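Worksheet: the structure to be examined is printed underneath.
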Amino acid sequence: MAGGTEAVAHQALEMTDHLPVLQVLIPFIAAPLAVFLGVRSLAWPIACAGAIASLVCSVVLMLATLDGSFISYHLGGWAPPYGIEYRVDAANAFVLLLISATAVVVMPFTKASVDAEIPKKDHTLFYACFMLCITGLLGVVVTGDAFNVFVFLEISSLSAYVLVSQGSHRDRRALTVAYDYLLMGTIGATFFVIGIGFLYMATGTLNMADIADRIAGQGDNRTIQAAFAFILVGMGLKVAIYPLHLWLPGAYNYAPSAVTVLLAATATKAAIYVVLRFTFSVFQPEFTFDTNVLYWIIIPFALLAMFAASLIAVFQTNFKRMLAYSSIAQIGYMLLGIGFFNLSGLTATMVHLFNHSITKAALFMAVGALVLRSGSTFYDRIRGMGKSMPLTSAVVVIGGLSLIGIPGTAGFVSKWMLVQAAFELGWWWMALLIVASSLLAVIYVWRVLEVLYLGDTAEGAQHKEAPMMMAGPMWVAALACIWFGFDTSLTLEASRVAANGLLSGNAGMAPVPTTAAGGGH
Amino acid sequence: MADHKTDPAKLPWLGRKLLFLDRPKNITLVVYAIYALCALLLLMEFVYTKHPYFGLEKIFGFYGWYGFVMCALLVICARAMRVVLIRSESYYAPGDVESEPYPEDGLDRSTIDD
Amino acid sequence: MIDFIPPFLAYIAGALLIPFLPKGHGRSAALCIVPVVGAALMWPLPMGSYGQIGVMGLELTLLRIDKLSIIFGVIFSLAAFLAMLYAWHIRDTIQQSAALLYSGSAIGAVFCGDLISLFFFWEGTAIASVFLIWARGTTGAYFTGMRYLVVQVASGVILIAGAGLFYTETGSITFDRMQLGSLATWLIFLAFGIKCAFPLLHNWLQDAYPAATVTGTVVLSAFTTKLAVYALARSFPGTELLIYIGAIMTLFPIFYAVIENDLRRVLAYSLNNQLGFMVVGVGIGTELALNGTAAHAFAHILYKALLFMSVGAVLFRTGTAKGSELGGLYKTMPLTMIFCLVGAASISAFPLFSGFVSKALILSAAGKAEYHIVWAILLFASAGVFHHSGIKIPYFAFFAHDSGLRPKEAPWNMLLAMGLTAFVCIAIGCYPHPLYALLPYEVKYDPYTATHVINQLQLLMFSALAFTVLMRAGLYPPELKSVNLDTDWLYRRAGPAVFARVAQAVSGGWGGTTDFVRRCCDVMVAILYRAHGPDGRIARVRPTGAMVIWIAILLLAVMLVSFM
């Protein structure tokens, strides 16, 4: 079977071999545990413990897959293609690491911001939803089963709708926004599941590796082409590709601060991962329709996002909303990397996935702290806070620089990779466009810094530094922005291995020749 | 000039010594000195050997008349340019420093009468 | 282990420590010591490259000591020291730190050996220096600073774009001699050209320098443009295009200088004109010419700083630097006047003053390389610079008609700084050998021949004669309260006006289009939901409706592309 594959399958036999499922299971169990124990003071520690345990899992998985190998885990011992398979290679181990690390870093911040923004009686349920959301995101990434992706996607999305609606304690509009988000999210999920339906119709299987094997050579099959279109557009909505982004600014803006941090840092990233997985591992890059779509749809819309969303961000008067639009623009960069369709481009996407995640985590946490002290995110309310909140504002400076892509910050590394990818294709004009759109980032970042540092102090705000529970995680993220701007060995290497795996087509996903063991023996 | 008389005693020593420049008669003397110097420099043409890079330099008093003619042309052209280019000081206001006074806190306006 | 420290670190450390020192003489002294420390770090190092560090597979070189970088390192340190002394009375932490960071970045740029580090320092000079303009604290200064910053940062962005292209083309990021030809080198050339104030790219200089503070302008005048000259001398020596660019640069600013009212702007124009000489030197590219460029940059930084210092002292005491409001100050500020005259004599290249021994190198290089017209232009420009910087500045500030202003002599620190600078100017003019020894190549040139001295005096005295005659005849353009249009009109007046027009048109068109799209969306959404039953309320949630349309459009597009 799959003669060309050189990947090595790890035999799952011991406790550590159950890591792929533990990764998802731990937060999944933490959620009901928090509810059933019913002790409010225990909810956060449980969530925390769950997040840390899943971080440990993902670190081990990352280390195990850095050599380019993959781990195949058969759920309940049922061998694929009939049983559900969890499959971890460098690409998803990297995203797993990103999600669980973010979850751990934002935990203390979550505590502080939830205490301030959510009434006490809802805390247990909030943390349960929070953990479910993380479960869903991790599940989407770890699974090797197409339908399973949909299931986890719904778990994460449904809990995300609930989490966003929790913003209503501060602003009632959160309810409408959550409702919009629900509608649009469901539309996206529906498209996605229709696509999977088409795939099932064409191949009779749901295992991604199996699908890949069966559709090989069927590049002109209309059903498969339609399936690709539905899956791409459905996931595109979750990714917030530019014109499908309408749910994002509202959801980010009105959600509680902690939820915004989580969603901004991880949710769209998991969706990008799914797009990558389907574009490169399930559907073959050799399919002409696949590459056509990359060149004619992904790249133009990525460029559109880079400029249109940045321009909108420039004119915002609300810090949080501005960041939301900037996220949409930054997603454009990641899509551009996918569209370049070469090793450097995909590496850039993977690195930017990571770098943008820590950057936005830092910035949204800073916003959370500003909200705590000034009660609003509008520029005229946070004017002059740079003097009274030097720590928080410094994080905004660092995050902002990383957003622009100033050398010495994480953002530079990914933009540099992206520019290099453009040069490799000989598209120097594209490199100029990338630089030009970074200039827009200079403007919107500058506007915030001007408000924070140069504005006269706004009245009605509490002039006190953010509490340590907030400042600490914020600074971890901000220092990470700087650290990964200099030490690129982890991010670049992992991304390169991941990109290599993705570009080698279905090789990374081919069924394992040897009998793989599973749980339940 | 007579309307700005200052007590010479308040001036610094060097300034007092230079006060002769205040008298128009002495200015005329300075001008004559310049004429004389120019004439002298023209006469110098006879006392040294030229090492020209170009034929042009061999012309008698080349550097002198070149400097004079070109500077006269420079001033006349500049005057002509000014007709087209001149605008009021507040032309670019308020985004320009030309139309606003220098902020006093960056200055130390002490005068000799203080 | 580390047997060297890059000099720029001294400046950065200084800038970081300064805010913690109490304001006063101690801090001012510390500011003056920093350049001395920087020079001491640089001087003992033998020629060679130090401090290679690998970042993301690129090898950066933090310290490259050779004869070209040494001479610029020395003059930048000297200029930083003199400017700090001149600014001894300043108690503004931001200006002090910015001045240190700015000079440190310039020195870092001179010593770095690769394009990436160069970019860092390049932007460092841009960002640090703008605070010297903003420190003036007026609306005008804010806007001027913004314009300045945009131009400077743009230069840096173009530089890094060029560096990136250069890397992909050649696999190297070495900051060294390159051949103009590919897009990469053209971009780098353009980036240097912006900072060097090439014709049509020049106006940021005349716009920004007169807007800085009294002391800020002195600092500004020394570094940015000379850094660009250094970069050109490093990367593009012998590029013939530079000769013509330089010749034009020497020429057109002198016309503006004659009619400009703000004396600091007159100096900015003459700075531009002097840069032209250096650019011509780089363009000729012979050993003699490059020596001339380095020597002229050295001398120029000093006498230009001296002129800015003296006009700055006048501004400091009277509140204005406009020719139309000044005059007759020689009575109360005689020392400042004398220092100004020394600066004027130096820039005009009078024998025994510094300009004489440096400019001659470039002129004779042009002569030897048989560039007739360029040589004639440079000669004209030499006469012209005497005319506006040598005569006009001192004449309108200190003589001319008596303005009635009776300011006190400049404070001691300014006098000391001016005195030292004037001393160095004269010392170089009288005894040029130490300067010649510093130059990149061996010098076989003696400026003090009878021919050269007499010819130069003829040129200058007859220019003075022209000034006198025209003045007496009332033909000389009087100083008027005014501004003159230059290329900045394009982006300060014409650009915004055109933009406003276009924006109006576009927003009209855009509004129409979005209205149309929205109406289409509304119609389609209404149809969709009518199909779903009587409950059409959701259709009114516009984002969702629009989203459905978009998802449909995108799906259609993807299918179309796939099926093709």
Side-chain angles (χ1 to χ4, degrees), chain B residues 1 4 6 11-12 14-15 18-19 21 31 34-35 37-38 41-42 44 48-51 53-54 61 63-68 70-72 74-79 81-82 85-89 91-104 106-114, chain C residues 136-141 143-144 210-211 213-214 254-255 258-259 262 315-320 330-332 334-335 367-368 372 379-380 383-384 387 399 401-402 404 406-409 450-451 454-455 457-468 470 475-477 481-485 492:
Chain B
M1 275 182 218
H4 294 303
T6 311
L11 293 177
L14 199 54
L18 289 170
L19 264 183
L21 287 172
V31 172
I34 293 177
Y35 292 162
L37 207 56
C38 287
L41 281 165
L42 268 188
M44 295 283 274
Y48 71 101
T49 41
K50 292 190 176 184
H51 312 284
Y53 296 118
F54 307 115
Y63 283 89
W65 64 257
Y66 188 78
F68 185 87
M70 290 315 261
C71 277
L74 165 69
V75 170
I76 290 159
C77 289
R79 272 200 91 141
M81 279 167 61
R82 178 183 252 188
L85 297 176
I86 196 163
R87 292 293 181 277
S88 84
E89 264 187 323
Y91 182 69
Y92 289 122
D96 192 51
V97 289
E98 238 13 80
S99 53
E100 54 189 27
Y102 194 94
E104 289 296 326
L107 300 179
D108 180 6
R109 281 184 193 258
S110 9
T111 63
I112 52 164
D113 296 322
D114 290 342
Chain C
R136 181 163 170 163
T138 61
T139 322
F143 281 106
T144 312
T213 58
V214 169
I254 56 179
F255 290 93
V258 169
I259 51 174
D262 186 330
L315 171 63
F316 186 67
R317 283 302 195 212
T318 65
T320 181
Y330 75 92
K331 291 174 208 161
T332 58
L335 287 172
K368 279 199 177 135
H372 296 73
L379 201 61
F380 170 35
H387 203 91
F399 304 102
H401 73 281
D402 192 339
R406 293 289 181 265
K408 258 199 186 123
E409 184 54 274
T451 321
I454 292 173
N455 286 346
L457 281 175
Q458 284 175 334
L459 183 75
L460 295 176
M461 285 321 295
F462 275 85
S463 303
L465 183 67
F467 182 86
T468 318
L470 289 168
L475 281 172
Y476 197 85
K481 289 167 91 69
S482 64
V483 295
N484 295 307
L485 300 185
R492 294 172 73 177

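The chains referred to below are lettered A, B, ... by the order of the sequence lines, with proteins before strands, and numbering in each begins at 1. Remember, it's a predicted structure, so these values are computed and weren't measured experimentally.
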Can you tell which of [options] has the highest number of heavy-atom pairs within less than 4.5 Å of chain B?
options: C:S482, C:A464, C:A383; value: C:S482
options: C:T139, C:L465, C:T468; value: C:L465
options: C:R136, C:K481, C:H387, C:M461; value: C:R136
options: C:H372, C:E409, C:K368; value: C:H372
options: C:L470, C:T451, C:L460; value: C:T451
options: C:N455, C:T144, C:L379; value: C:N455

[X] to [Y] - nearest heavy-atom pair and separation:
X: C:L485; Y: B:R87; answer: CD1-NH2, 3.2 Å
X: B:L19; Y: C:Y330; answer: O-OH, 4.0 Å
X: C:I259; Y: B:A78; answer: CG2-O, 3.4 Å

> Using a cut-off of under 4.5 Å for heavy-atom pairs, which of B:G64, B:S88, B:G15 has the most such pairs with chain C?
Replying inline: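 Of the options given, most contacts go to B:G64.
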> Given that the side chain runs from C-beta out, which part of C:L315 has a heavy atom under 4.5 Å from chain B: side chain, backbone, both or neither?
Replying inline: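 It is both, since atoms from each part get that close.
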> Where does C:F399 contact chain B at under 4.5 Å (heavy atoms): side chain, backbone, both or neither?
Replying inline: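 Side chain only.
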Rounded to the nearest 0.5 Å, what separates atom [atom1] in [X] from atom [atom2] in [Y]?
X: B:L37; Y: C:F462; atom1: CG; atom2: CZ; answer: 9.0 Å
X: C:F380; Y: B:L74; atom1: CZ; atom2: CG; answer: 4.5 Å
X: C:I454; Y: B:Y63; atom1: CD1; atom2: OH; answer: 12.0 Å
X: B:I76; Y: C:F255; atom1: CD1; atom2: CZ; answer: 11.0 Å
X: C:K331; Y: B:L21; atom1: NZ; atom2: CG; answer: 9.5 Å
X: B:L41; Y: C:L459; atom1: CG; atom2: CG; answer: 11.0 Å

Side-chain heavy atoms of [X] within contact of [Y], under 4.5 Å:
X: B:D108; Y: C:R317; result: yes
X: C:F467; Y: B:C71; result: no
X: C:L475; Y: B:V75; result: no

> Who passes ring pair (Phe, Tyr, Trp, His ring centres under 6.0 Å) against B:Y66, sequence neighbours left out?
Replying inline: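 With sequence neighbours excluded, B:Y66 shows a ring pair (Phe, Tyr, Trp, His ring centres under 6.0 Å) to B:F62, given in chain and number order.
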> For B:S110, is it the side chain, the backbone, both, or neither that has a heavy atom closer than 4.5 Å to a heavy atom of chain C?
Replying inline: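 For B:S110, heavy atoms of backbone and side chain both lie under 4.5 Å from chain C.
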>> Please check this pair: side chain of B:Y92 against backbone of C:G140, looking for a donor-acceptor N/O pair closer than 3.5 Å.
In response: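 Pair absent, no side-chain N/O of B:Y92 close to backbone of C:G140.
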> So, does B:R109 use its side chain to make a donor-acceptor pair with the main chain of C:T318 at under 3.5 Å?
Replying inline: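 It does hold such a pair.
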> Among all residues two or more places apart in sequence or in another chain, which pass the salt bridge (Lys or Arg N to Asp or Glu O under 4.0 Å) test with B:R79?
Replying inline: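 Partners of B:R79 by the salt bridge (Lys or Arg N to Asp or Glu O under 4.0 Å) criterion come out as none, since no residue qualifies.
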